[in-house]
*Asks:* 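The structure under discussion is supplied below as C-alpha cells; questions concerning it will follow.
All chains are named by letter (A, B, ...) in the order of the sequence lines, taking the proteins before the strands, and each is independently numbered beginning at 1.
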2 protein chains.
Amino acid sequence: MSLCIFFAAPAVWDEYCDILPALLTEAGIAAEVVTEAPDPAAVDYIIYAPSAPLQDFTPFTRCKAVLSLWAGVERIVGNATLTQPLCRMVDTGLTEGMVEWVVGHTLRHHLGMDRHIVNPGHVWDPTCPPLARERVVAMLGMGALGTACARALAALNFQILGWSRTSKVVEGINCLHGDAGLEAALRRADIVVTLLPKTPETENLLDARRLGWMKRDAVIVNPGRGALIDDAALLAALDAGALGHATLDVFRVEPLPADHPFWSHPRVTVTPHIAADTRATGAARVLVENIRRAEAGQDLMNLVDRARGY
Amino acid sequence: MSLCIFFAAPAVWDEYCDILPALLTEAGIAAEVVTEAPDPAAVDYIIYAPSAPLQDFTPFTRCKAVLSLWAGVERIVGNATLTQPLCRMVDTGLTEGMVEWVVGHTLRHHLGMDRHIVNPGHVWDPTCPPLARERVVAMLGMGALGTACARALAALNFQILGWSRTSKVVEGINCLHGDAGLEAALRRADIVVTLLPKTPETENLLDARRLGWMKRDAVIVNPGRGALIDDAALLAALDAGALGHATLDVFRVEPLPADHPFWSHPRVTVTPHIAADTRATGAARVLVENIRRAEAGQDLMNLVDRARGY
C-alpha cells in the first residue's frame with residue numbers, strides 16, 4: 001500500500017517537489033507526497049517546517065513521525081499536540097555549510113582580514129598574525145554541528161576548547177562542561193563560537209557577567225541562535241572596548257530590523273542567517289532514509305528528546 | 001663554558017632578541033647571543049640570513065655550524081668560504097601560515113564575506129552560497145606549500161585541480177600539467193591560487209591570454225610571487241568585468257608603492273606579504289634545537305647537501 005506523506009512546509013515545496021518523489025522511488029518506497037491533507041487520519045508522515053501554518057497535530061492519528069526540515073526545534077518542541085516521534089534535520093549539507101561559515105569567519109578574525117579588505121589609508125603593515133596553533137577557539141555546543149566545526153578547526157591547528165552543559169567526550173577535542181568549564185573556556189578563548197540549541201538553560205548564556213570573562217580582544221562568532229547572547233550586554237561590552245568583535249548570523253528577530261544597532265556598529269558583522277541552510281538535495285535524502293527506517297522498524301535518526309528539548 | 005652565538009641577520013634581530021635567549025635558557029644552554037663578532041675565532045655558531053652583510057666565513061675558525069633563517073640557500077650554497085656545516089630553515093610555521101592564509105581567503109571569496117563586512121545599505125539577503133563541494137579551486141603550483149593548501153581545501157570539500165608545469169602525482173588530488181592542463185584548470189576554476197616559484201617559465205604565467213580563459217566571476221588569490229601575474233593585464237581584466245576579484249599578497253615591488261592602482265581598485269585586496277613568513281617563535285625553536293643537538297654530538301637537522309645544492 002502506498003504511504004501518504006504530507007509535505008507541510010509550503011514555502012519550500014518548490015525545492016522538494018521533484019527531488020523528494022524521485023528519491024522515494026529510488027529507495028523503493030511507494031508513496032504519494034501531498035501538500036494538503038483533507039483527511040489527516042490518512043497521513044503516514046509529516047514533513048514540517050516550524051514556520052509552517054500547521055500547528056495542531058491532534059488529527060494526525062496515524063502519523064508515525066514528524067520530520068522537521070529545521071535543525072532547531074525550539075518552536076515546536078513545546079507544542080503539546082505534537083505527540084508523534086519528532087525528528088530534527090541533520091543534513092550533511094547543513095553541516096558542511098556550517099563548517100565552511102565557521103571556519104571561514106574564524107580564519108577571517110584570526111588573520112585580521114578586515115583591515116586588508118577595508119584599508120582606505122593604504123597601510124602596508126607586514127606584521128604577521130600568530131599561527132592558528134597559538135589561538136584558542138572555544139566551541140560552545142558540542143552537538144553534531146559544533147563537533148564538526150571543532151574538528152575542522154583542530155585540523156587547521158587551532159587549540160579547541162569544546163564546551164557543553166553536561167560532560168561529553170569527543171575524541172581529539174579538549175572538552176569542558178558546566179559553569180566552571182564555561183568560565184575557563186571564556187577566559188582562555190581568542191575566538192568564541194556559539195553553536196548551542198536554544199533552550200531555557202542556554203537563553204542569554206552570554207550575559208554581561210560571562211561576557212566579562214572574555215579577553216578584551218576576543219571575538220564572538222554566533223551561527224547558533226540569537227537568543228544565546230544578551231544583545232544589550234554584548235553592545236555594552238563592545239562599546240566599552242571589553243570585547244573585540246562579534247560576527248552574528250542569527251538574531252532574536254529576523255530579518256534583523258533596519259534600526260537595530262548591530263547594523264551600524266563598527267565591531268559587529270551581520271550575516272543574514274546563511275551559515276547553515278537546509279539544502280533540498282541533502283535534506284531530501286535524510287527524509288527518505290528516515291521513512292525507510294521507520295517502515296523497516298529501525299530506529300529513527302535525529303529523534304528529538306522532549307525532556308531535553310532538542 | 002658559555003657558547004658564543006653570532007646573530008648575523010641584523011634586519012630581524014628585533015624579532016629574536018627576546019625569544020632566542022629565553023629559549024636557550026629554557027633548553028639549559030649557557031650562551032651569549034651577540035650581533036657583532038670582533039673576534040670571529042671565538043664564535044661557536046652563526047645564525048644567518050643570505051641578505052646579511054656577512055659574506056666571508058673564513059675567519060670563523062671555531063664555528064660548528066651556520067644556521068640559516070631562510071628555507072632557500074641558493075644564494076649561499078656557492079660561497080666557497082662557507083665550509084662549516086650549513087643548515088637551512090625548515091619551519092612548519094611557514095607552511096601552516098600559508099595554509100591558514102590560503103584557506104581563509106578562499107573561504108572568504110567562497111562565502112562572499114566582503115558584502116557582509118562592508119554593507120552600508122544594511123541589506124539582508126539570505127541567499128546561501130553554494131557548498132564548497134560545488135566550487136572548483138585551481139592550485140597552480142603543487143610543491144610543498146601548494147600541496148599542503150590543496151589538501152586543506154580538499155578536506156573542506158572543495159574540488160581541487162592541482163596544476164604543475166610537469167606531470168605530478170599527488171594522492172587524493174586531481175593533478176593536471178602542461179599548457180593544456182593550465183587551460184583546463186583556468187577554464188573550470190572558481191578560485192585560482194598561484195603558488196609557484198618565480199622562474200623564467202612562470203614569469204607572467206597569468207597574462208592577458210590566460211586570464212581570458214577564466215570565468216567572469218572567478219577570483220585570483222596570489223600568495224606566491226608578484227611576477228606570476230601580468231599586473232596590467234590583470235587590471236584590464238578586472239576593469240572589463242572579465243574577472244571577479246584578485247587578492248594579492250606579493251608584488252613586483254614591496255612595499256606596494258603608494259600610487260599603485262591595486263591599492264584603490266574595488267576588485268583588488270592587498271595583503272602586505274603576510275601569507276607565509278618565518279615566524280621568530282617557530283624558527284627560534286629550530287635554531288635552539290640544532291644548537292642543542294650539535295652540543296650533544298647528535299646529527300643536525302636540515303643539513304644542506306653541498307653536492308645537491310639544497
*Asks:* Between B:Pro255, B:Gly104, B:Pro126, which has the largest tally of heavy atom pairs under 4.5 Å with chain A?
*Replies:*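 Most pairs with chain A among the choices: B:Pro255.
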
*Asks:* Answer yes or no: is there a donor N or O on one side and an acceptor on the other, between the side chain of B:Trp263 and the main chain of B:Leu256, under 3.5 Å?
*Replies:* yes

*Asks:* Is it the backbone or the side chain of A:Asp125 that comes under 4.5 Å from a heavy atom of chain B, or both, or neither?
*Replies:* backbone

*Asks:* Test your reading of the model: is there a side-chain donor-acceptor pair from A:Arg225 to the backbone of A:Phe251, 3.5 Å cut-off?
*Replies:*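 Here the side-chain-to-backbone pair does not exist.
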
*Asks:* Side chains of B:Val270 and A:Trp124, heavy atoms from C-beta outward: is any pair under 4.5 Å?
*Replies:* yes

*Asks:* Donor-acceptor pair, A:Arg188 side chain versus A:Val136 backbone, under 3.5 Å?
*Replies:* no

*Asks:* Find the one option among B:Val118, B:Val99, B:Val103 whose heavy-atom pairs under 4.5 Å with chain A are most numerous.
*Replies:*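 Among B:Val118, B:Val99, B:Val103, the one with the most close pairs to chain A is B:Val103.
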
*Asks:* Heavy-atom distances under 4.5 Å only: say whether A:Pro130 touches chain B with side chain, backbone, both or neither.
*Replies:* backbone

*Asks:* For chain B, find which of A:His273, A:Arg133, A:Glu134, A:His260 contributes the most heavy-atom pairs closer than 4.5 angstrom.
*Replies:*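 Among the listed options, the one with the most contacts to chain B is A:Arg133.
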
*Asks:* Does any backbone or side-chain atom of A:Ile274 lie under 4.5 Å from a heavy atom of chain B? Answer side chain, backbone, both or neither.
*Replies:* both

*Asks:* Which region of A:Thr106, side chain (C-beta onward) or backbone (N, CA, C, O), has a non-hydrogen atom less than 4.5 Å from a non-hydrogen atom of chain B, or is it both or neither?
*Replies:* neither

*Asks:* Parallel, tilted or perpendicular: which fits the ring planes of B:Phe158 and B:His110, with parallel below 30° and perpendicular above 60°?
*Replies:*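 Taking B:His110 first and then B:Phe158, their aromatic rings stand perpendicular (interplane angle over 60°).
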
*Asks:* Report the option among B:Thr269, B:Leu131, B:Leu107 that has the most heavy-atom pairs separated by less than 4.5 Å from atoms of chain A.
*Replies:*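 The answer is B:Leu131.
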
*Asks:* Which residue out of B:His116, B:His122, B:His105 racks up the most heavy-atom pairs below 4.5 Å with chain A?
*Replies:* B:His122

*Asks:* If we ignore hydrogens and angles and just use 3.5 Å, is the side chain of B:Asn222 paired with the main-chain N or O of B:Leu248 as donor and acceptor?
*Replies:* no

*Asks:* So, does B:Asp249 use its side chain to make a donor-acceptor pair with the main chain of B:Ala275 at under 3.5 Å?
*Replies:*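 A pair under 3.5 Å: yes.
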
*Asks:* Any idea which of A:Met113, A:Arg115, A:Glu100 has the most non-hydrogen atom pairs under 4.5 angstrom with chain B?
*Replies:* A:Glu100

*Asks:* Of the backbone (N, CA, C, O) and the side chain (C-beta and beyond), which part of A:Ala132 lies under 4.5 Å from a heavy atom of chain B, both, or neither?
*Replies:* both

*Asks:* With no hydrogens and no angle check, is any side-chain donor or acceptor of B:Arg108 less than 3.5 Å from a backbone partner on B:Asp114?
*Replies:*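 Side chain of B:Arg108 to backbone of B:Asp114: no pair is present.
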
